[in-house]
Structures are given as structure tokens and as C-alpha cells.
There are 2 protein chains.
Amino acid sequence: MPDQRITLKDIAQRVGVSTGTVDRVVHKRGHVSAEIRDRIEHAMKEMGYAPNLAARSLANNNKPFRIAVILPDYRQDPYWAQPKEGVERAAESVRHYNVQTEFFSFSMFQPRDFLESVDKALESGPGAILAAPLFLEEAKILLNGCQQQNIPLVFINTDIEGADILSYIGQDSYQSGVLAGRLLNFGLSDGDHAMLVNLDKEVSNARHLQDKERGFKDYFNGLEKKSIQIHTAVLENFDEPAFMQEWAKRQFEHIPRLTGFFVTNSRAYKLVEAMDTAVQDRVKIVGFDLIEPNLKLLAQGKIRFLINQNAWHQGYLGILTLVNKMLMSKEIPRTQYLPLDIIVKENVEYYLKRTLELPMVIV
Amino acid sequence: MPDQRITLKDIAQRVGVSTGTVDRVVHKRGHVSAEIRDRIEHAMKEMGYAPNLAARSLANNNKPFRIAVILPDYRQDPYWAQPKEGVERAAESVRHYNVQTEFFSFSMFQPRDFLESVDKALESGPGAILAAPLFLEEAKILLNGCQQQNIPLVFINTDIEGADILSYIGQDSYQSGVLAGRLLNFGLSDGDHAMLVNLDKEVSNARHLQDKERGFKDYFNGLEKKSIQIHTAVLENFDEPAFMQEWAKRQFEHIPRLTGFFVTNSRAYKLVEAMDTAVQDRVKIVGFDLIEPNLKLLAQGKIRFLINQNAWHQGYLGILTLVNKMLMSKEIPRTQYLPLDIIVKENVEYYLKRTLELPMVIV
DNA sequence: AATTTTTCCGTGTGCGCACACGGCATATTG
DNA sequence: CAATATGCCGTGTGCGCACACGGAAAAATT
């Protein structure tokens with residue numbers, strides 16, 4: 001590694017031009033003859049020039065970079081507080097670069113509300129947009145708007161196949177289903193029944209839920225030694241305790257050997273609440289996400305495993321990705337899968353801490 | 001959040017002094033009257049001053065910050081390639097700050113060699129030191145040296161209780177033992193026997209191995225429903241296949257229901273290699289770390305679980321911690337526990353990727 | 001009281017980069 | 001051929017901070 005950093009001036013001296021000319025080449029701002037441009041580019045390669053990002057950000061410090069963040073309202077679902085906090089943390093740590101964030105929240109079951117937020121966000125004339133595109137059709141409006149105004153866009157939580165975005169940050173839904181199968185399987189015996197439970201309202205419009213289901217079933221189909229029968233349920237009324245309890249009771253009557261559940265989103269706690277205490281201790285449940293009600297049940301042993309979707313990091317990385325691209329001119333991969341953390345009572349502590357004391361210098 | 005960032009100049013104008021005076025207060029360099037110092041400090045709090053780190057690093061850019069890195073030779077043990085790579089990656093990403101790293105490797109079973117590296121490192125006059133203090137007694141020499149020369153020190157992998165260092169970065173050894181117990185327990189039935197295996201040469205001098213053992217045993221002692229008997233083995237000759245095979249054979253003769261193993265470091269693969277194929281498929285093994293030979297056996301199902309010690313991140317965070325402290329004046333916690341990632345075949349992929357495509361911005 | 005020392009504070013420069021501005025050539029036009 | 005336009009390039013300034021330097025005032029010494 002080179003001992004001394006190469007600067008614009010070094011390149012300029014080597015080629016015999018001024019720093020201004022080198023700068024024009026670096027930023028492809030034209031007004032440089034082809035010959036000199038070639039010589040400069042050649043020298044940059046040869047000497048291994050890399051811009052000093054600190055200096056660059058200093059020189060750019062006058063103009064703010066505003067990022068519009070479109071996320072569901074966290075008051076409707078505690079899950080969405082996590083990406084929000086990640087965004088805030090990231091924003092805090094890139095404030096030196098004059099990065100500003102503005103939130104546009106929407107009601108997570110109302111596509112129209114999402115569209116409204118999209119409009120507001122676009123009208124605010126942002127330098128970039130970070131969004132969780134929960135609704136497939138409505139997300140296309142957002143995609144169009146960004147394309148027309150040439151605004152870079154990052155998706156978190158939900159990807160849209162073929163969408164022309166800067167990057168998707170989230171998990172591999174299919175594989176998380178497979179993993180859930182594997183984890184649930186630890187607690188099941190040959191001949192047991194397991195059930196996949198969707199506690200959501202837009203399942204048919206939510207690709208990632210379908211992917212999880214596919215992965216889950218594929219895992220059990222691939223088993224050789226055991227035979228586990230899989231059932232599926234979609235419950236849109238997950239917010240009505242009476243209904244849920246009635247439903248749960250019926251399931252155990254119909255399926256005596258029903259011993260495992262996989263809840264495909266962060267609402268596993270709602271399933272637990274629908275069961276009698278005795279049943280809670282008997283069944284094995286695998287769910288998602290480190291939100292408060294789930295954590296409590298994990299500690300009590302009523303939820304066996306949680307898979308961490310790293311929602312906090314989705315927000316955090318989302319902001320950093322945009323900053324990297326727009327301010328640092330770094331290349332960004334189209335898909336950034338976050339790990340599928342397996343959480344049990346014995347290791348949960350360290351995942352909770354992590355979001356608080358993250359490194360501050362990030363690279 | 002304030003729209004416009006507060007600068008030294010703002011403070012200076014407000015108080016009615018020059019930026020130089022404010023700067024002296026910021027850096028506690030003295031030569032400022034008590035009254036003006038108070039007024040400046042007051043103004044800084046009131047206006048919410050935070051230094052522009054980019055500008056600070058620019059202004060400091062002339063003097064390199066050299067970090068000496070004292071790690072075991074990775075050619076003796078693939079595990080140690082991981083922190084090394086983490087260090088290199090971090091070094092690469094803070095090169096803008098004129099940070100330089102120099103490696104001083106030592107033979108991991110020879111305390112004398114460690115001391116030699118310590119001497120060399122100290123003589124090189126580094127701005128900070130990152131070390132893995134494998135040997136308790138010898139590490140104290142390092143501690144003394146750093147204290148005398150006032151060199152900030154970060155430990156990874158192994159902590160030393162009460163040591164006056166900037167920070168320890170690694171895992172909670174005790175808890176990783178508990179977690180290993182929990183994971184192994186999935187595959188054990190009432191009456192089974194399990195064995196904790198130390199494949200190492202300095203066990204009595206290695207606190208973290210003892211902590212893991214304690215955690216592991218505590219877990220099984222706390223079980224209510226099952227009764228699992230725990231055995232312990234220390235094998236210093238883990239590098240002699242003939243010896244290992246002979247040893248393994250004897251164990252199964254003596255303990256017919258021996259079905260689970262917990263290998264307390266990254267050498268689980270050496271245990272597997274000591275067994276017949278049929279036995280390999282029957283026993284349940286929990287080990288540590290995502291190194292090549294382990295990964296292969298994990299994919300084959302011959303290792304059930306790996307606990308990720310996040311060795312790569314230990315190196316990575318180690319460097320960032322020092323940079324944060326010394327160049328950014330950030331406060332650093334004495335202990336930075338990394339999560340205990342549970343790795344199975346179904347989620348291993350994302351942990352391997354993560355080290356390659358980490359975020360890139362600097363703060 | 002004159003000098004020296006000490007205390008305290010302002011000024012100036014540079015870090016590497018971005019970009020506006022202006023100037024010198026050469027090309028274009030009447 | 002003069003006048004204007006255009007392409008190319010150098011110069012200068014500022015971003016916010018760190019720190020060396022020097023000067024003025026106050027304190028201590030002779």
C-alpha cells in the first residue's frame with residue numbers, strides 16, 4: 001500500500017497541468033482536450049489516485065443532501081419503529097456531510113395513503129428516496145416518479161422484481177422460510193403437524209410472504225426421515241382476540257397433533273395470546289423480529305425461535321447506501337441481503353445491544 | 001435538529017473572541033482565562049456545537065496515525081486469518097485519515113514469541129496497539145509498556161479482567177458456553193452423555209476456555225426435564241490424527257451413550273476427522289467459527305451448529321474503535337460484546353457474504 | 001521606573017477538493 | 001484582416017479546523 005496518499009496536485013504535477021484540469025477529468029465535466037484527458041486518466045490509474053472523501057465533503061459542505069424516507073406508521077405496528085430508528089441513527093452519523101432526512105409515513109393497510117406519501121415526498125424535491133414498497137401496484141407509481149425526476153431510490157423490506165432501483169436491502173424471503181422450517185423441525189416428531197400462519201391483510205399482494213411460504217414447504221418436502229404435514233392459514237382479523245381464540249381452539253380440535261407454528265411476520269405474539277397457557281407451553285413457535293412483545297415470550301420459552309429480519313439495519317444501511325452512492329460515488333450492488341440471525345433466549349441480549357453501540361466510523 | 005451546522009466561527013462570534021481561542025478550549029490546550037473559557041463552553045452547549053470531523057481530519061492529515069497489530073500467525077491456524085482480514089478491510093476504509101497498520105505476528109503456542117512481537121511493536125513507536133493477548137502473564141508486559149508510553153490499547157478475542165485498556169472487543173465466553181449447551185441439547189435425549197472438548201495447548205492459561213466450560217455446564221445443570229451427563233477432555237495433540245482416532249475410539253467404548261460434543265474453539269473439524277464416517281453422522285457436534293474445514297462439514301451435516309465468534313468483525317471493529325477514539329474523540333465503552341451468531345446450513349451464506357460487501361461511508 | 005517574564009489572545013496558513021472566473025489561444029465570421 | 005466566438009486551461013477562493021507564531025497587556029522582577 002502506498003505510504004503517502006496521492007492528491008489531485010500530485011496528478012497535476014505529473015502530467016504538467018493544473019489541479020483544476022484534473023478536477024474536470026475526475027468529475028467528467030468536459031472542457032478538456034482528449035489528449036490531456038487520456039494522460040490524466042492514465043496517471044490516475046498508475047499512481048492509484050483515490051479522492052480524499054473528507055476534503056470532498058468539506059468542499060461540498062454548502063449544499064444539503066435531502067433524503068425522503070417513506071415508511072409505514074410505527075404506531076400501527078412496533079416493527080416499523082426499528083427501521084425508523086436505524087434511519088435516524090444513520091442520519092445522525094452522516095450529519096457532517098449535511099445530509100438531511102424527512103419522514104413520510106403512511107398507514108400500512110391503506111394503499112391510498114401510501115400514494116399520498118409518495119406524492120408529498122416527490123413534491124419535496126428530495127435528492128434521494130428510501131422506501132418500503134408494501135403495495136406492488138402503488139409502488140410502480142413511485143418507481144415512475146423517481147425515474148422521471150431521476151431520483152435514486154432504495155427499497156427496504158420488500159423487493160420488487162425487475163424494478164430499476166439503486167438497491168434492495170433486506171432478507172432473502174425464500175431462504176428465511178427454509179430456515180424457519182429447519183428451526184421448527186427441531187421440536188417436531190415424525191407424524192406431527194405444523195402450520196404456517198399469515199397474520200396480515202394483503203397476503204395476495206405481498207410477494208415476500210409467498211416466498212417464505214414456498215421456502216417453508218420446500219424444507220419439509222425435502223426431509224427424508226420425518227414426515228410432517230403442513231397446513232396454512234391466513235388471518236386478517238388478527239387484531240380481534242375473541243376471533244383469534246375461537247380460531248385457535250378449532251384448529252387444535254381438528255388437528256390433534258398440531259404442535260408447530262410458523263408466523264411469517266413479526267406478529268407471533270398475537271398467536272401466542274390466542275392460546276391457553278397450557279397450550280402455549282406445549283406448542284413450538286417460530287416467528288420473526290425482536291420487538292417487545294415477542295421478546296417477552298421468547299424469554300418465557302413460549303416462542304422457541306425468532307428470526308431477526310434486521311429491520312434496524314435495513315434503515316441504517318439504506319441511508320448509508322444512498323450517501324455512499326451520491327456523495328462518495330461508490331458502486332452499490334443491486335441486492336444487499338442481510339443475514340438471517342437465529343435468536344434464542346441465550347443470545348438475544350447481544351442483538352439488542354448492537355443497535356445501540358454501533359461503530360461510529362463506518363466504511 | 002438544527003438546520004445549519006454550528007462551527008467554531010459561530011461560537012467565536014457569539015462570545016466575541018477569535019476561532020483560535022475557541023479551538024484552544026475545544027482541545028483543552030490551556031492559555032485561556034477562566035472567564036472566557038466558561039463563556040465559550042457555555043456557548044458551545046447552548047448552540048449545540050459538534051466538530052466537523054471531515055474538516056478535523058483534513059486539518060490533521062499531515063501526520064499519519066500508525067496502529068500496531070499483534071495477532072497470531074494465521075498460517076498456523078486459519079482462524080486468525082479472519083481478524084487479520086477485518087483489520088485490513090478497516091484499514092483500507094480509513095486510509096483517508098492517513099491511518100496506517102503494521103502487523104506483528106507471533107506463533108500462537110509460544111509465549112516467548114508473543115513477547116518478541118510486543119517488543120517490536122512498542123519499539124516501532126505506534127500511535128495505538130491492537131492485540132490478541134492469548135497469554136495472560138505475557139500480556140501484562142504489554143499492558144505495562146503501553147501504560148508507560150501512554151499508548152491506547154485494544155484487546156480482541158481474549159479479555160483480561162481489570163486490565164486498563166481502551167476496549168475489549170469479542171464475545172462473552174461464558175454465555176457462548178451456555179448457548180452451546182442449548183444448541184447441543186436439541187439433539188440429546190434424556191440419559192445421553194455429552195463431552196466438552198478442548199483442542200488447545202494452553203487451556204489452564206486461557207481464561208476464555210474456562211468460561212465457556214462453566215457456561216456449558218451451568219446450562220445442563222439448569223435443565224429440569226432431561227438429565228445429561230457431561231464429560232470433559234483436553235487434547236493437546238490435536239494435530240496427530242493417529243492419536244486422535246485412537247482417543248475417539250476409546251471414548252465411545254467407555255461411554256456408549258456419548259452422542260454430543262462441544263468443541264470450545266474453531267477446531268471442531270479435527271474432532272470430526274478423528275471419527276469413522278458412520279459415527280460422524282450419528283453424533284451431534286457444536287463448534288465455533290466459519291472457517292473453511294468447518295463450513296464443509298456443516299454443509300454435510302456432520303457439524304450441527306457453529307457459533308460465529310465474529311472474528312472478522314473483531315479485527316474490523318478494533319481498528320475503527322481506535323480511529324474513533326484517537327481521531328474522532330469519541331467515547332468508547334470498555335467492553336464491546338459481539339453477538340453470538342447461530343449458524344446452520346440454511347443461513348450460513350449470508351454471514352459469509354457480509355464481510356465482503358460492508359457499508360462504505362465514513363463518519 | 002525600567003525591564004523582563006508570563007499570561008492571554010488574534011492572525012495567518014494549509015489540509016485536499018470543488019467550482020466560479022477569467023485569460024489565452026485557436027477557430028469562425030463578416 | 002479585423003472582430004467575434006469558442007475551446008481549453010490556470011488561478012483564486014472557501015469549506016471548517018488545527019496549530020504555529022507573534023503581539024499586547026498584565027504581572028513579576030530588578
Side-chain angles (χ1 to χ4, degrees), chain A residues 2 4-40 43-44 47-65 94-99 326-329, chain B residues 2 4-40 43-44 47-65 94-99 326-329 362-363:
Chain A
Q4 196 60 25
R5 292 201 50 86
I6 307 294
T7 71
L8 280 186
K9 203 158 76 178
D10 296 327
I11 305 285
Q13 278 181 355
R14 172 73 117 66
V15 180
V17 294
S18 74
T19 61
T21 305
V22 179
D23 181 76
R24 273 184 282 263
V25 172
V26 169
H27 291 282
K28 300 189 168 71
R29 248 187 286 116
H31 302 282
V32 178
S33 69
E35 187 210 328
I36 291 198
R37 177 163 42 74
D38 287 347
R39 277 168 54 200
I40 289 179
M44 290 198 302
M47 303 177 72
Y49 171 75
N52 183 323
L53 300 184
R56 172 173 290 182
S57 95
L58 233 209
N60 278 330
N61 215 351
N62 34 350
K63 31 187 160 162
F65 178 55
V94 292
R95 259 190 35 183
H96 314 287
Y97 293 159
N98 213 352
V99 174
M326 302 310 291
L327 300 186
M328 313 299 167
S329 324
Chain B
Q4 196 60 26
R5 292 201 51 87
I6 307 295
T7 72
L8 281 186
K9 204 158 74 176
D10 296 326
I11 306 284
Q13 278 182 356
R14 171 73 116 65
V15 179
V17 296
S18 74
T19 62
T21 305
V22 180
D23 180 74
R24 272 183 283 263
V25 173
V26 169
H27 291 281
K28 301 186 166 72
R29 247 188 285 119
H31 301 282
V32 177
S33 69
E35 187 211 329
I36 291 199
R37 176 162 42 73
D38 287 347
R39 277 168 53 201
I40 289 179
M44 288 198 301
M47 303 178 71
Y49 172 75
N52 183 324
L53 300 183
R56 174 174 288 179
S57 96
L58 230 209
N60 278 331
N61 215 353
N62 35 349
K63 30 186 159 160
F65 178 56
V94 291
R95 259 190 36 185
H96 315 287
Y97 294 158
N98 213 353
V99 173
M326 304 309 290
L327 300 186
M328 314 296 169
S329 322
I362 315 221
V363 183

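Residue numbering restarts at 1 for every chain, and letters A, B, ... go by the order of the sequence lines.
Looking only at side-chain heavy atoms (C-beta outward), B/R24 and B/I36 stay at 4.5 Å or farther from each other. At least one side-chain heavy atom of A/V26 sits less than 4.5 Å from a side-chain heavy atom of A/L8. Side-chain contact between B/R29 and B/D23: present, with at least one pair of heavy atoms (C-beta onward) separated by less than 4.5 Å.
Separating the CG atom of A/L8 from the C1' atom of C/dG14 is a distance of 16 Å, rounded to the nearest angstrom. Rounded to an integer number of Å, the gap from A/R37 CZ to D/dC9 C1' is 15 Å. Residue A/D10 contributes atom CG, which lies 11 Å from atom P of C/dC15 at whole-angstrom precision. Between B/N52 atom CG and D/dC15 atom C1' there is a gap of 8 Å when expressed in whole angstrom units. When the C1' atom of C/dG16 is taken as reference, atom NE2 of A/H27 falls 11 Å away, rounded to whole Å. Atom pair B/K9:NZ and D/dA18:C1' shows a separation of 16 Å (rounding to whole Å applied). For A/R29 and C/dC17, the CZ to P distance is 13 Å, given to the nearest whole Å. The distance between atom NZ of B/K28 and atom P of D/dA18, rounded to the nearest whole Å, is 13 Å.
Considering only side-chain atoms of B/R24, the nucleotide from D/dC17, C/dA18, C/dC9 that sits closest is C/dC9. Of the candidates D/dC17, C/dC17, D/dA18, the closest approach to any side-chain atom of B/Y49 belongs to D/dC17. When the nucleotides C/dA18, D/dA18, C/dG10 are ranked by their closest atom to the side chain of B/S18, C/dG10 comes out on top. Closest to the side chain of A/S33, out of D/dC9, D/dC17, C/dC8, is D/dC9.
Two residues, A/P51 and B/V17, neighbour DNA chain C, and the one matched to the more 5' nucleotide by heavy-atom proximity is B/V17. Between A/G16 and A/A55, it is A/G16 whose nearest contact on DNA chain D lies nearer the 5' terminus.
The minimum heavy-atom distance between A/M44 and A/V25, with the atom names listed, is CE-CG1, 4.3 Å.
Listed pair A/T21 / D/dG10 meets the phosphate criterion, a side-chain N or O lying under 4.0 Å from OP1 or OP2. Applying the 4.0 Å criterion to OP1 and OP2 of C/dG16, one finds that A/T7 has every side-chain N and O outside that range. Here B/R56 reaches the OP1 or OP2 of D/dA18: one of its side-chain N or O atoms lies under 4.0 Å away. Between A/H31 and D/dC9 there is no side-chain polar atom (N or O) within less than 4.0 angstrom of OP1 or OP2.
B/D23 comes within contact range of at least one nucleobase, with a heavy-atom separation under 4.0 Å.
Of the possible donor and acceptor atoms, one in the side chain of A/D10 sits under 3.5 Å from a partner among the backbone N and O of A/T7.
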